[in-house]
Amino acid sequence: MKRTRELHRVEIDRVIHEPARLVLVAHLYVVESADYVFLMQSTNLTWGNLSSHLLKLEEAGYVEIVKDFVGRKPHTMVKLTAAGRTAFDAYRRQMKELLADLPE
Amino acid sequence: MESIRLRDIERKSWRSQQQGGLIDIQFGIMLVAAAVLAALDEIPMASWVRIVTLSVIASFGAALTYWMRKRYVLPRLGRVKFSTDRVRRTRMMGIMLAACVLLTSSLVVLTALSNRLGVALPGDVGAWLVISAVILVPVAGLAFFLDCPRLFVHGGLFAVVEFLHVVVHLPTRVPFGGVIAYGAAACVSLAVGIGVYIHFLRVVPRPVVPIGEDAEEGADEAN
């Protein structure tokens, strides 16, 4: 019982914990910024799915979506904010704690 | 199950940007330039003609691969800015390439001054080893920093052609021997590059992007 209560004390960031968003944040973590096409190719998400997940991450303050122009055509780049990088680092620590605490 | 280690994700992202085969095509065009120069060596002409020819071919190659990347590769791969660590490695690669250019230039100057200085330069094999090292070191550096092992193939081709040129003296033994050697190597490099490029176009489709959204980087739904 004590072990179960200890497990429940580990708080998981559910914004990042969702599988598609986890892969998305992982890809954004290792680069400076990326556009939608790169993220779609890397995560195998459709445009609609990607937009939906990025919106959630943006609402949480974890990503910044910058709309710019390349020539005269719109171009959108996505980058993790400092809060997003901190949150991802914290999530990694949380998962390590959680998995390390599980019995063999 | 595919690895989701961060280092693997970063490396895979970096390597995905090289999968278009364009660097192989650029190597092939460089070898074509060498073959054309070897052909021009057979014909007496002013040195400025060689320089202009080399410049034209190099410019064509750069323009062609730029257009291919912008028109077909980027819309499939998207744009990404990599971390400062990766950028720093790329800068180190640039420094190494510059050092190799300086080394090559020094060799050319030494060769030109060898008679006056009475300096005994290495024999044919020694010259080949030096030239191959000057070629293979930057190619190996490129292969390492770009995570593109195919570049070792192109570097190896260069070394083989230089062996035929410098040690075997192929141009003096076979009519248009230099053209044949460089041309054959160019065909191999271009075949590899074009093959990789065509494979890339087939396996990586343009993503479907809603009309009005980043129209440069995707096929509109209307298409």
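A, B, ... follow the sequence lines: proteins, then strands. Residue 1 opens every chain. Since this is a predicted model, take the numbers as computed values, not measurements.
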Closest non-hydrogen atom pair between B:Ile9 and A:Ala26, with its separation
CD1-CB, 3.8 Å
Distance-only, no hydrogens or angles: does the A:Gln41 side chain make a donor-acceptor pair with backbone N or O of B:Pro205 under 3.5 Å?
yes
To the closest 0.5 Å, what do you measure between CG (B:Leu6) and NE2 (A:His27)?
10.0 Å
Side chains of B:Ser13 and A:Phe38: does their closest heavy-atom pair fall under 4.5 Å?
yes
Option passing side chain to side chain contact (heavy atoms under 4.5 Å, CB included) with B:Val80 (candidates A:Val37, A:Leu39, A:Val31)
A:Val31
Highest number of heavy-atom pairs under 4.5 Å with chain B among A:Ala34, A:Ser42, A:Ser33 belongs to A:Ser33
Spacing of A:Thr76 atom OG1 and B:Arg79 atom CZ [to the nearest 0.5 Å]
12.0 Å
